[in-house]
Amino acid sequence: MLRFAPNPNGPLSFGHARGIIINGEYAREYDGELILRFDDTDTTVKPPLVEAYDIIQHESEWLLGFKPHRVVIASDRIEEYYRHVDLMIDGDFGYVCQCSAEEFREFRVSKTNCPCRKYEVNYNKQLWNKMLDGTFKPGDAVVRVKTDMTLKNPALRDWPALRIQDTISNPHPRENIGSKYRVWPLLDFQSAVEDHLQGVTHIIRGKDLMDSTRKQTLLYGHFGWEYPETMYWGRVKVHEWGGFSTSQMRKDIEDGKFSGWADPRLPTIAGLSGTGIQASALRNFWIELGVTQKDIAVPLATLYSHNIKVIDDNAPRVAFIRDPVEIKLEGINEANITIPTHPNNAEIGSRVIDLGNPIVYIEREDLQHSALRLKEFGDFDIDGKVATFVSKKRTDKRKIIHWVSQNSSDSAELEIVKDGELISIEGRLESHQIKLGTSVQLERIGYGIVAEKNKVIFTHN
RNA sequence: GCUCGUAUAGUGUAGUGGCCCAUCAUAAAGGACUCUCAUUCCUUUGACCCGGGUUCAAAUCCCGGUACGAGCACCA
């Protein structure tokens, strides 16, 4: 029983894909189950985005190739967490602490017990009720787990389990939750209790959560539970992207720097899939990286190479002419020609090029040669804007170029992300009946995805 | 500062004491095929952080060093 637990403060991004894919893959491999859990217990610092709940479920399914077996939403489970606070106070391994964060920090550093620690169970119950009924305001009190203030690792000393949030000013965005609760669990407590309740047996997560494991293991000890088997992965940086965070992207989108979560410049799942990265390429990529604790920096080329393997066999070939120059063909007889859509996959069929009007477009850059071969058509000699037919067969080693006919092409746009900038290239795109969203290969340019009838978004080359 | 963790070719990764003059992928270079600067195929280059120790035997175990990273939030 595994789980992946994102904060729904935005849709999934590249890094989340690792979490869902690795956990999902282990679940699949060992006939286990995968829980998708929304850890939406912060309404102030990283408030959830109400649309994200649905989007994340769809994106998870897309990434995994199957639906998560169970979906759990932490904000639906608050009463359950309260119940465990009662158990914790009754068992005298939890207490209400009224120190400020700064005050407690000093106790943590000096390894001394805070004064709130010594109170009786009954007094703690009273204080806990004051947290719940609103007597205490945010910052006035917090529930702590009793560990040991002399523990070697400072992170583990009497760590905080629940705090008060101002849910009047910052209501939870889910309508049925809203301002219903003022006391909310922190990640370490919520996650620990929920993992036990759901019967999680294995946790695979980032190594930034290593101390979480240790904190939670101490709590499990108090409850008499057995902590799941845990593995960690290290940080992954993609050289071409640098650092990014969901919160920052959210801000940039709100500021209008990006068109939305699906902006092709963003390393979100929506952005990646929109530029033609396939779910199975992402799966192969993350599975290949595996679960090591090393911090790594990977080039995008690795992901692209996986993507090419996925799409090439079925990517129709299409011509797109950048910086097109009109050329008149002399000496041809055919009104149209038929050429294959894919060089090694005949099943994809063929395309018919209309030459009723003997005008074609080629890229300006190719015009510097005086002898050219129009691919799948014939050899031509170029003189100015006129191309004279020489031969159907190849007569020499002249350069082979892609081209489109005027009748069988439309003006179109190729959108490319380069160094974080969105660049639009105008040109002529071969007329086609390709379904939107299909990955194609623009001959001599690279792979792209048909976003609109006359707009292709570049994937990679 | 305290605590925890990691260290194999350019980049990733396999390898848990002898099958290792170290696997695979990717990148780079060269070549074959090809009516695309694509795909496919072949070849080449290229690595066990440093220093000690244990052992008949160490990439693999231990100690120290160094480098890098993470945690010490009333975020997740």
Side-chain angles (χ1 to χ4, degrees), chain A residues 5-9 38-48 74 97 99-102 104-105 108-109 111 131 136 138-144 151-157 159-166 183-188 190-191 205-215 232 234-237 239 245-247 284-285 287-306 308-309 311-313 315 317-319 339-340 342-345 373-379 392-394 398-403 441-447 461:
Chain A
N7 177 353
N9 63 337
F38 293 104
D39 280 354
D40 56 346
T41 55
D42 179 83
T43 65
T44 316
V45 184
K46 291 178 180 172
C97 171
C99 301
S100 69
E102 298 73 49
F104 193 84
R105 187 172 307 139
R108 179 168 47 232
V109 172
K111 299 186 182 181
M131 286 178 74
F136 286 142
D140 288 351
V142 63
V143 177
R144 291 187 182 281
L151 250 24
K152 274 172 70 183
N153 187 340
L156 312 185
R157 297 172 195 157
W159 52 273
L162 299 93
R163 85 315 205 174
I164 303 166
Q165 298 194 94
D166 181 355
V183 180
W184 285 82
L186 273 331
L187 169 85
D188 289 314
Q190 179 273 128
S191 178
R205 60 181 166 198
K207 68 174 187 180
D208 51 315
L209 266 8
M210 242 171 206
D211 283 343
S212 265
T213 299
R214 299 184 183 104
K215 289 188 215 176
Y232 308 93
R235 268 172 45 127
V236 173
K237 267 209 300 210
H239 184 253
S245 75
T246 302
S247 320
N284 295 341
F285 173 84
I287 291 167
E288 184 176 79
L289 292 196
V291 183
T292 65
Q293 291 187 35
K294 272 194 280 188
D295 299 311
I296 54 178
V298 286
L300 240 23
T302 309
L303 175 62
Y304 292 162
S305 133
H306 282 293
I308 289 170
K309 287 190 175 69
I311 63 178
D312 184 73
D313 284 347
R317 267 48 177 175
V318 166
I339 61 180
H342 194 293
N344 337 307
N345 184 356
R373 178 174 179 80
L374 302 191
K375 188 163 181 285
E376 303 282 2
F377 187 14
D379 288 358
K392 201 88 186 150
K393 288 223 151 60
R394 296 200 67 173
R398 64 183 68 197
K399 193 175 167 72
I400 298 163
I401 63 162
H402 66 301
W403 56 283
Q441 191 206 65
L442 302 179
E443 283 180 293
R444 295 176 69 218
I445 297 174
Y447 298 88
N461 50 18

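Below, chains carry the letters A, B, ... as their sequence lines are ordered, and counting in each starts from 1.
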| Side-chain N,O (A:Arg157) to OP1/OP2 (B:rU3) below 4.0 Å | no

NA contact type, A:Glu376, heavy-atom cut-off 4.0 Å: base, sugar-phosphate, or nothing? base

In whole angstroms, the gap separating C1' of B:rC72 from CG of A:Leu186 amounts to 14 Å

inquiry  = What's A:Gly290 touching, base or sugar-phosphate or nothing? Going by heavy atoms closer than 4.0 Å.
reply    = nothing

Base, sugar-phosphate or nothing for A:Lys152? Non-hydrogen atoms, less than 4.0 Å. sugar-phosphate

Ranking B:rC75, B:rG71, B:rU26 by distance to the side chain of A:Val45, first place goes to B:rC75

By the Watson-Crick or G-U definition, both distances under 3.5 Å, B:rG71 is matched with B:rC2

Here the distance between atom P of B:rU36 and atom CG of A:Asp312, to the nearest Å, is 13 Å

Problem set entry | Sugar-phosphate, base or nothing in reach of A:Gln441, heavy atoms under 4.0 Å | base

Any strand, both distances under 3.5 Å, Watson-Crick or G-U wobble: B:rG64 pairs with B:rC50

- Checking all strands, does A:Asp39 fall into the base, sugar-phosphate, or nothing category for heavy-atom contacts under 4.0 angstrom? sugar-phosphate

To the nearest angstrom, the CZ-C1' distance between A:Arg444 and B:rC37 comes to 7 Å

Answer with base, sugar-phosphate or nothing: what part of the nucleic acid does A:Ile339 contact at a heavy-atom distance below 4.0 Å? nothing

Quick one: is A:Ser305 getting a side-chain N or O under 4.0 Å of the B:rA25 phosphate, OP1 or OP2? no

A:Arg214 CZ to B:rG71 P, in whole Å, measures 12 Å

The Watson-Crick or G-U wobble partner of B:rC24, with both key distances under 3.5 Å, is B:rG12

Does A:Arg317 have a side-chain nitrogen or oxygen under 4.0 Å from the phosphate oxygens OP1 or OP2 of B:rU34? no

Rounded to whole Å, the NZ-P distance (A:Lys375 to B:rA38) equals 12 Å

Note to self: I want to check one thing: is the phosphate of B:rC35, taken as OP1 and OP2, less than 4.0 Å away from some side-chain N or O of A:Lys393?
What the structure shows: no

* Could A:Arg144 and A:Phe104 be counted as a cation-pi pair, given that NZ or CZ must be under 6.0 Å from the ring centre and within 45° of the axis? -> yes

To the nearest angstrom, the CE-C1' distance between A:Met131 and B:rC74 comes to 9 Å

Tell me what A:Pro138 touches on the nucleic acid: a base, only sugar-phosphate, or nothing, going by heavy atoms under 4.0 Å. nothing

Need one value for A:Thr292: base, sugar-phosphate or nothing, where a base atom within 4.0 Å counts as base even if backbone is also close, heavy atoms only. sugar-phosphate

Could you give the distance separating B:rA76 and B:rA70 at their C1' atoms, to the nearest angstrom?
-> 15 Å

Looking only at N and O atoms, is any donor in the side chain of A:Arg373 or the base of B:rC35 less than 3.5 Å from an acceptor on the other one?
-> yes

Margin query: Using the C1' atom as the point on both nucleotides, what is the distance between B:rU8 and B:rC20, in whole Å?
Written below: 12 Å

Exercise for the section: Tell me whether the OP1 or OP2 atom of B:rA76 has a side-chain N or O from A:Thr41 closer than 4.0 Å. Expected result: yes

*So what does A:Ala5 touch, heavy atoms closer than 4.0 Å: a base, only the sugar-phosphate, or nothing?*
nothing

Answer for the Watson-Crick or wobble partner of B:rC37, both distances under 3.5 Å, is none

*asked:* Does A:Lys392 have more than 12 heavy atoms from other residues, nucleotides or ligands lying within 6.0 Å of its NZ?
replied: yes

The residue, A:Thr302 or A:Ala101, whose nearest nucleotide of RNA chain B is more 5′ is A:Thr302

Open item on the list: Between A:Lys375 and A:Ile401 (side chain of the first, backbone of the second, donor and acceptor by atom type, cut-off under 3.5 Å), is there such a pair?
Closed with: no

Taking for A:Tyr447 and for A:Pro185 the nucleotide of RNA chain B with the nearest heavy atom, the one nearer the 5' end belongs to A:Tyr447

query = Closer than 4.0 Å, any side-chain N/O of A:Lys294 to the OP1 or OP2 of B:rG12?
reply = no

Rounded to the nearest 0.5 Å, the CD1 atom of A:Ile400 sits from the CD atom of A:Glu443 at a distance of 11.0 Å

P atom, B:rA25 versus B:rU45: distance in rounded Å? 16 Å

Partner of B:rG30 under the Watson-Crick or G-U wobble criteria, both distances under 3.5 Å, comes out as B:rC42

Contact class for A:Leu289 (heavy atom, under 4.0 Å): base, sugar-phosphate, or nothing? sugar-phosphate

**Side-chain H-bond candidate by donor/acceptor type, A:Asp208 with A:Tyr232, under 3.5 Å** = no

Exercise: do A:Thr41 and A:Gln190 side chains pair donor with acceptor under 3.5 Å | no

| query | After noting the C-alpha distance and the side-chain angles of A:Asn9 and A:Thr246, does the key distance pass the side-chain hydrogen bond (donor to acceptor under 3.5 Å, both in side chains) rule? | reply | CA-CA 7 Å; A:Asn9 63 337; A:Thr246 302; 4.6 Å; no

